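Take a look at the structure below.
Because the structure is predicted, anything quoted here is derived from the model rather than measured. Chain letters run A, B, ... following the sequence lines, proteins first, then strands; residues in each count from 1.
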Amino acid sequence: MEDSEKTNQIVVLLIGPPGSGKSTFSDTVMRSSLRPWSRICQDIINNGEAGTKAQCLKMALSSLKEGNSVFIDRCNLDREQRSEFVKLGGPGIEVHAVVLELPAQVCISRSVKRTGHEGNLQGGRAAAVVNRMLQSKELPKVNEGFSRVMFCYNDADVEIAVNTYIKLGPMDTLPSGCFGEKKSDTKSQPGIMKFFKKVNALPASSSNEATNAMRKANEKTENSRLGSADIVHTLAFPSISTADFQFDLEQASDIIVEKAEEFLPKVGTARLVLVDLSHGSKILSLVKAKASQKNIDSARFFTFVGDITKLRSEGGLHCNVIANATNWRLKPGGGGVNAAIFKAAGPDLETATRVRANTLLPGKAVVVPLPSTCPLHNAEGITHVIHVLGPNMNPNRPDNLNNDYTKGCKTLREAYTSLFEGFLSVVQDQSKFPKRSNQTALSDSGSLEDTRDSGKKMSKEWSTWALALHTIAMHPERHENIVLEFSDNIVVINDQYPKARKHVLVLARQESLDGLEDVRKENFQLLQEMHNVGLKWVDRFQNEDASLIFRLGYHSVPSMRQLHLHVISQDFDSDSLKNKKHWNSFTSSFFRDSVDVLEEVKSQGKANVASEDLLKGELRCNRCRSAHPNIPKLKSHVRSCRSQFPEHVLQNSRLVARPET
DNA sequence: GTTCTAGAAC
DNA sequence: GTTCTAGAAC
């Protein structure tokens, strides 16, 4: 919203099924607000009876003419239903959406219990109505024309939203953007919605969690038909050691959530799914609760009830990689998940496993590619099984840890680390060679060791424009006009197209270090030097302007040859920042903070790189994470956003800022 | 990496 | 009509 046009009226579309609390929301705001509001409720608009959309529109228009702001109190669940109300917006009138995305059970039980509800939705019919409505639900996006969208998933969120509107005086405005959204709802295609309805009609559960997972799953199933390059990598894994090995559930769930949180940023857009066969699974509910407490993205880490060998055919969830909680001999049998997976995969899995390993130590994992002849591969779309061995706490079994949880927790952590790193190696291999046919991809790397560049250094081909940095790094003395400083190991230059007020590059001078992927343990010293030189420039810039805040880091996949460290101020106030790729390359996890790279190279000998898919993601504010429909709107929001930076960025000195004076 | 531009979105 | 994006060429 430009400053020149003063906004003082708001149309708030409340979005949610019956029982989600739309009427309560508007009533609560109207009771305490200083701003004049009208509530347009389709259920009572016709002299206390239900009316039509047209009547609502007409009444909204007349309320706006009187100078009131309005609540549109009808379900508004799909885009088409909302479109005409969005058009009420214009000069001086903003349109907001408040999404009441409460669990279906809550809405159903509320609308069943309701006696005085104006909509006259009674008894058992309510459940059917709510369910049907939720199936055609389309969550709103900022690009529908809303200047602001706010998501509420529970009563606490609702309270925050209510207070936001209560506090809003007659002339106040709210920041634009999309707030509080938990899952990144990728483009929903009509075909997918249809497909979703079909699968959802299966006898399976009606729980919110399963429904969500199912919807996500189907988006991906659909994608995989379009071509394997579009697949959303998904790892389904059972809880390790908590079944037969009797590991304590509280501690195990802590470790699962901790490790998932650690790995999610590393695996690009890939997803992790904890699977259990039984509905009342204690471990699933513990993990689910802890993950939501930590605000972990529920679209990328969630729990799922089903048979891990039949997730696609029976659960509608396509996972290209599954984990097996195995035994040390890597043999079939023993019951539980191990028996089930070996049985479903047939002899192919045993043969393929033998090629990789004969035995496994606790805490370790081994990645096994499945041949396309394997039933799990062609029926379920599973390309890799990762065997994991967890700690054994079962006193009735040999070699148990005799209740030593210090050791047990350490080994369990190690097991999940090995598992997720194995998954990461699958994701990276496939994104590195996206165009290869399935057949050749399969014969490739399955081990945890990096075998990719040992044989062939099929060095990437670089276009001429991409060689500029390399040339400067090799001959800094020939480029005096642009080089700020150089030594034997590094060159510092201003980025030719700075994406922020201050943006310099620290180039490595070593030949053959083209990008982050080439970095190994032996380059640690060099990376440290680059980091220190970067910090020195930050210090200089902050001496000139103490309000500048910096991040230092690398692009996961650079466009230009020669390893270069970006030192960039976080205002992103620059005309050269023009598109989504620019923005996401510095503000998504595609940007690998130098401190993290250093840590990873030190501990694991190489740095993790994120997928290029991240560059296509939504445009979100680097501070408050609100989403915006296009670059100009994003930039105008970012100019004025004073929110604190996200927790992750604030930690481990990823952000370099002067203390406030 | 940028520039240019067709055509989608508004 | 204008604004904005995305893809091709460099």
Side-chain angles (χ1 to χ4, degrees), chain A residues 1-2 4-5 11 79-80 82-91 93-95 97 138 140-149 176-178 186-190 226-227 229-230 434-435 460-474 479 482-483 491 493-500 503-508 513-517 553-568 572 574-588 590-591 612-620 627-639:
Chain A
M1 205 52 41
E2 297 307 320
S4 54
E5 65 180 39
V11 176
R79 186 176 178 138
E80 201 189 317
R82 295 188 288 262
S83 64
E84 294 187 60
F85 293 96
V86 170
K87 287 181 199 147
L88 292 170
I93 303 176
E94 276 188 28
V95 185
E138 253 179 295
K141 303 231 178 58
V142 274
N143 65 13
E144 272 180 57
F146 295 112
S147 60
R148 178 185 175 92
V149 182
S176 58
C178 175
T186 47
K187 282 186 190 101
S188 71
Q189 300 155 22
L226 302 174
D230 296 327
K435 298 236 162 74
K460 175 172 161 186
E461 282 172 44
W462 298 94
S463 313
T464 45
W465 53 258
L467 299 173
L469 297 182
H470 178 256
T471 313
I472 296 168
M474 293 308 134
H479 299 85
I482 52 169
V483 169
V491 178
I493 58 170
N494 270 315
D495 193 296
Q496 200 189 343
Y497 298 92
K499 304 299 184 290
H503 184 187
V504 300
L505 305 179
V506 182
L507 316 182
L513 273 189
D514 289 346
L516 200 50
E517 283 189 279
Y554 300 85
H555 284 160
S556 286
V557 184
S559 299
M560 303 194 76
R561 180 175 172 190
Q562 200 63 20
L563 183 69
H564 53 282
L565 172 70
H566 289 273
V567 177
I568 183 164
F572 298 108
S574 160
D575 290 341
S576 298
L577 198 159
K578 291 179 173 165
N579 59 44
K580 190 178 249 191
K581 185 174 177 181
H582 291 154
W583 178 258
N584 285 334
S585 74
F586 290 104
T587 60
S588 74
F590 182 85
F591 186 83
E612 282 178 283
D613 295 349
L614 287 164
L615 299 175
K616 296 181 184 137
E618 298 175 293
L619 295 168
R620 285 187 181 272
H628 298 266
N630 56 45
I631 291 282
K633 293 229 167 67
L634 170 75
K635 286 181 119 181
S636 114
H637 165 90
V638 168
R639 261 195 292 281

**Request:** Return the value, rounded to whole Å, for the distance between atom CG of Asn143(A) and atom C1' of dT3(C).
**Result:** 14 Å
**Request:** Could you check how far CG of Asp575(A) sits from C1' of dT2(B), rounded to whole Å?
**Result:** 15 Å
**Prompt:** Contact class for Lys499(A) (heavy atom, under 4.0 Å): base, sugar-phosphate, or nothing?
**Reply:** sugar-phosphate
**Prompt:** Is the distance from OP1 or OP2 of dT3(B) to the nearest side-chain N or O of Lys578(A) less than 4.0 Å?
**Reply:** yes
**Asked** Under 3.5 Å, side chain of His566(A) to main-chain N/O of His555(A), donor-acceptor pair present?
**Response** no
**Prompt:** Quick one: are Leu619(A) and Lys580(A) in side-chain contact, heavy atoms under 4.5 Å?
**Reply:** yes
**Item:** Selection from dC10(C), dC4(C), dC10(B) that lies nearest to any side-chain heavy atom of Asn630(A)
**Value:** dC4(C)
**Prompt:** What integer distance in Å separates Leu615(A):CG from dA6(C):P?
**Reply:** 12 Å
**Item:** Is_stacked (Tyr497(A), dG1(B)) at 5.5 Å, 30 deg
**Value:** no
**Prompt:** Counting any heavy atom closer than 4.0 Å, what does His555(A) reach on the DNA or RNA strands: base, sugar-phosphate only, or nothing?
**Reply:** sugar-phosphate
**Request:** Whole angstrom is fine here: how far is it from NZ in Lys580(A) over to P in dA9(B)?
**Result:** 13 Å
**Request:** Would you kindly give the NZ-to-C1' distance between Lys87(A) and dC10(B), to the nearest whole Å?
**Result:** 12 Å
**Request:** Report yes if at least one side-chain N or O of His582(A) is closer than 4.0 Å to OP1 or OP2 of dG1(B); otherwise report no.
**Result:** no
**Asked** Which is true for Asn579(A) with a 4.0 Å heavy-atom rule: it touches a base, it touches only sugar-phosphate, or it touches nothing?
**Response** nothing
**Request:** Give Ile631(A) one of three labels, base, sugar-phosphate or nothing, depending on what nucleic acid heavy atoms sit under 4.0 Å from its own.
**Result:** sugar-phosphate
**Asked** Say you draw a straight line from CD of Glu144(A) to CZ of Arg79(A); how long is it, rounded to the nearest 0.5 Å?
**Response** 4.5 Å
**Prompt:** What's the spacing between Arg82(A) CZ and Lys141(A) NZ if we round to 0.5 Å?
**Reply:** 9.0 Å
**Donor-acceptor contact below 3.5 Å, side chain Lys499(A) vs main chain Phe586(A)** = no
**Prompt:** Taking atom P of dG1(B) as reference, at what distance in whole Å does atom CG of Asn494(A) sit?
**Reply:** 16 Å
**Prompt:** Can you tell me how far C1' of dC10(C) sits from CH2 of Trp462(A), to the nearest Å?
**Reply:** 17 Å
**Request:** Rounded off to whole Å, could you give me the CG-to-P distance for the Asp514(A) and dG1(B) pair?
**Result:** 14 Å
